[in-house]
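See structure below.
Here is how names work: the chains are called A, B, and so on, in the same order as the sequence lines, proteins then strands, and each is numbered from 1. Computed from heavy atoms alone, side chains included, the values below leave out hydrogens, waters and symmetry copies.
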Amino acid sequence: MRKFRTIELREALSLRKIADSGQCFRPGEIGDGVFRFISGNEVLELRQRGDCAVEVSCDAESWDKVWRTYFDLERDYSAIQRDIFESGDTLLAEATVHGDGIRVLRQEPFEMLVSFVLSQRKSIPAIRTAVRELAEAYGEATEAPSGETVFLFPKPEVLAGSSEESLRNLGLGYRAPYVLDAARRVADGRLDLDAVRDLPDEELFAELQSVHGVGKKVANCVMLFGYGRTERVPSDVWMQRIVSEGYQGVDPLIARKHAGILQQYLFYYALTHKERFIPRKARDENRKEKRRNESCDTN
DNA sequence: CTCCAGGTGATGG
DNA sequence: CCATCACATGGA
C-alpha cells in the first residue's frame, strides 16, 4: 500500500455513509477500513481518521483539483444543517444528525446518466453489480493506488459502439436499448453533456429526458449528482414512503433551499430504518390481492 | 420458490 | 391530466 497523507477537514466527512447513501454505485470499502472512489481517470483510496480527517493516497494537487470538488467540500453543510434544526422539522433533523458526514458528490454526468438509467427497478446492490460489470466490459483498465486493476467508467463512444444484444448479455434486460440510446446521443453530440451544464434547471431537465428511458426521477438524479443542482429532488419509492409515512402525505421539501441535499439525508435515513417507512398494512393487502388474483386465474 | 427493487413508456380512459 | 401494465433480472 502506498503511503497515505492526512487531510484535515472543516466539517464531517463520512466515507462509509457516502458510499452507502445510494448516490453512487462504485465507491466502497475495499478492506481494512480503506475506501476507494473513482472519478474520471482518477482513482482515490482513503481511510477515515475521525469525523473530520481522512488519510488519502493522492498528492496535494490531485486532492485540491479533483477530490475537494468531488466531495463538495467547498459547500457549507454546517449552515444547511443549522437551517434544518431551526426549521422545527424533527424527522428531518433526526435524519440530518444520523447522516452527518454525508456530502452530495459531484460525479460525472455521463456516469450518472447511465447508472441511473440502469437503476430503474433494481435494488442498490444489484445496481452496483450492473455498473461494475459494465465497467469491466467496456471501461479502460487502470492501476489503483493499492496496485489492483480497476476499470474506469466506460466512455460514451465505446458504449455507443456496443450492441443491444451484448448489453442484454450483461444482464441489463429491457434497459439495454435505453443505455445504448444514452451512449449514442452523447457520442454523436445530440446530447452535449458539457454544453447543457449552463442551461437553467427546467431546460436541462427537459434535455435529459430526451433520452429514451430517462424520466423525471432519473433526470433529477443526473441533475443533483452529476451537475450539482442541489434544488432538485429525485422522487423515488423511498421518498414517497417518507412523505406518506413520515409527513402525512405533505412534501416537506417544497420551497426548501438545497432540497436535494435535505433529500439525501432523508433518503439515507429511510434506507437505514426501512421498517419504519414500509407501511405494513399495504404490504399485507398486496399479498391478499395477489392470492385473490391467482385463485381467479385457476377458475 | 416468492417477492421486490432509487422507473419509464405505451396505452386507454 | 390520471390509472394501469409490461418490462428482465439479480438479490434477499
Side-chain angles (χ1 to χ4, degrees), chain A residues 17-28 95 99 102 104-105 107 111-134 136-137 164-182 185 205-206 208-226 229 232-246 251 253 259-275 277-280 282-297:
Chain A
K17 290 180 194 174
I18 290 170
D20 290 345
S21 69
Q23 59 176 307
C24 53
F25 304 108
R26 289 192 302 151
I102 289 177
V104 173
L105 301 177
Q107 304 177 73
E111 178 172 347
M112 293 299 95
L113 179 62
V114 172
S115 297
F116 281 101
V117 162
L118 284 186
S119 78
Q120 58 183 265
R121 299 304 293 173
K122 271 183 180 296
S123 64
I124 290 175
I127 300 165
R128 285 203 187 95
T129 303
V131 173
R132 188 184 60 246
E133 287 177 348
L134 194 70
E136 286 171 357
E164 185 179 326
E165 192 195 350
S166 42
L167 289 173
R168 273 181 189 275
N169 287 340
L170 279 182
L172 298 194
Y174 65 88
R175 309 166 191 83
Y178 297 165
V179 169
L180 201 52
D181 186 52
R185 280 176 184 271
F205 192 49
L208 291 170
Q209 286 176 89
S210 70
V211 177
H212 203 50
V214 176
K216 295 175 190 302
K217 190 270 177 179
V218 170
N220 278 323
C221 285
V222 177
M223 290 179 72
L224 179 60
F225 304 128
R229 304 289 177 108
R232 307 304 292 196
V233 178
S235 174
D236 71 322
V237 289
W238 284 108
M239 283 308 293
Q240 287 155 19
R241 285 168 185 162
I242 290 165
V243 172
S244 68
E245 300 300 304
D251 185 346
L253 299 184
I261 294 175
L262 312 194
Q263 173 271 166
Q264 203 56 28
Y265 286 129
L266 286 172
F267 182 82
Y268 178 75
Y269 188 79
L271 271 195
T272 47
H273 299 79
K274 292 188 176 174
E275 338 68 44
F277 296 97
I278 295 177
R280 164 76 51 195
R283 262 212 323 205
D284 292 347
E285 276 164 26
N286 273 346
R287 250 176 223 190
K288 282 179 195 163
E289 192 83 20
K290 289 236 161 130
R291 279 190 207 133
R292 250 188 333 134
N293 292 340
E294 278 163 21
S295 60
C296 285
D297 288 346

Exercise. Quick one: A/Met239 CE to B/dA5 P, roughly how many Å, whole number?
Worked result: 16 Å

Exercise. Atom CZ of A/Phe267 and atom P of B/dA5: how far apart are they, to the nearest Å?
Worked result: 11 Å

For this session: May I ask you to say what A/Val117 touches in the nucleic acid, namely base, sugar-phosphate or nothing, with a heavy-atom cut-off under 4.0 Å?
Result: nothing

For this session: Nearest whole angstrom, please: distance from the P of B/dC3 to the NZ of A/Lys274.
Result: 18 Å

Problem set entry | Worked verdict on A/Cys24 versus A/Glu111 for side-chain contact (heavy atoms from CB on, under 4.5 Å) | CA-CA 10 Å; A/Cys24 53; A/Glu111 178 172 347; over 6 Å; no

Exercise. Pairing of DNA chain C as dot-bracket, 5' to 3': ( ) intra-strand, [ ] crossing, | other strand, . unpaired, with Watson-Crick or G-U pairs under 3.5 Å?
Worked result: |||||||.||||

For this session: May I ask you to test the A/Ser235-A/Lys216 pair for a side-chain heavy-atom distance under 4.5 Å?
Result: no

Exercise. Out of C/dA8, B/dG7, C/dG11, which nucleotide sits closest to the side chain of A/Val218?
Worked result: B/dG7

Exercise. Got a second to check how far A/Trp238's CH2 is from A/Glu245's CD, nearest 0.5 Å?
Worked result: 10.5 Å

Exercise. Across the strands shown, which category fits A/Gln264 at heavy-atom distances under 4.0 angstrom: base, sugar-phosphate, nothing?
Worked result: base

For this session: Give the rounded distance in Å between these two atoms: CG of A/Asn169 and P of C/dA8.
Result: 14 Å

For this session: Under 4.0 Å between any heavy atoms, over every strand shown, what does A/Arg175 touch: base, sugar-phosphate, or nothing? Just pick one.
Result: base

Problem set entry | Nearest-nucleotide comparison on DNA chain B, the residue closer to the 5′ end among A/Gln263 and A/Gln209 | A/Gln263

For this session: Take atom CZ of A/Phe277 and atom P of B/dA5, then tell me their distance rounded to the nearest Å.
Result: 15 Å

Problem set entry | Ring-ring centroid check A/Phe277 A/Phe267, cutoff 6.0 Å | no

Problem set entry | Within-4.5 Å side-chain heavy-atom neighbours: A/Ile18 and A/Pro27 | no

Distance-only check: which donor-acceptor pairs under 3.5 Å involve side-chain atoms of residues 171-180 of chain A, not counting sequence neighbours?
from, atom 1, to, atom 2, distance (Å)
A/Arg175, NE, A/Leu118, O, 3.3
A/Arg175, NE, A/Gln120, O, 2.9
A/Arg175, NH1, A/Leu172, O, 3.2
A/Arg175, NH2, A/Gln120, O, 2.8
A/Arg175, NH2, A/Arg121, O, 3.3

Exercise. Looking at side-chain heavy atoms only, is the closest gap between A/Val214 and A/Val222 below 4.5 Å?
Worked result: no

Problem set entry | Rounded interatomic separation in angstrom, taking CZ from A/Phe116 and P from B/dG7 | 10 Å

Seminar exercise, completed: Here the distance between atom P of C/dA12 and atom CD1 of A/Ile278, to the nearest Å, is 15 Å

Exercise. Base, sugar-phosphate alone, or nothing: which one does A/Ser115 contact when heavy atoms must sit under 4.0 Å apart?
Worked result: nothing

Exercise. B/dA5 phosphate, OP1 or OP2: any side-chain N/O from A/Ser119 under 4.0 angstrom?
Worked result: no

For this session: Choose from B/dT8, B/dA5, B/dG9 the nucleotide whose nearest atom is closest to any side-chain atom of A/Lys217.
Result: B/dT8

For this session: Pick base, sugar-phosphate or nothing for A/Gly22, based on heavy-atom distances below 4.0 Å to the nucleic acid.
Result: base

Seminar exercise, completed: Taking B/dA5, B/dG9, C/dC7 as options, the one with an atom nearest any side-chain atom of A/His212 is B/dG9

Exercise. To the nearest Å, how far apart are A/Lys122 NZ and B/dG7 P?
Worked result: 12 Å

Exercise. So what does A/Gln240 hit on the nucleic acid, given a heavy-atom distance under 4.0 Å: a base, only sugar-phosphate, or nothing?
Worked result: nothing

For this session: Mind checking A/Arg241 for me? I need base, sugar-phosphate or nothing, with any heavy atom below 4.0 Å counting as a touch.
Result: sugar-phosphate

Problem set entry | side chain to side chain donor-acceptor pair (under 3.5 Å) against A/Arg229, all qualifying residues, sequence neighbours excluded | A/Asp201

Problem set entry | Nearest-nucleotide comparison on DNA chain C, the residue closer to the 5′ end among A/Arg121 and A/Pro125 | A/Arg121

Exercise. Considering only the P atoms, how many Å lie between B/dT11 and C/dA8, rounded to the nearest integer?
Worked result: 15 Å

Exercise. How is A/Phe225 classified with respect to the nucleic acid when contacts are heavy atoms under 4.0 Å: base, sugar-phosphate, or nothing?
Worked result: base

For this session: Go through the N and O atoms of the side chain of A/Tyr178 and the base of B/dG7, and report whether any donor-acceptor pair is under 3.5 Å.
Result: no

Problem set entry | A/Leu105 side chain near A/Phe225 side chain, heavy-atom distance below 4.5 Å | no

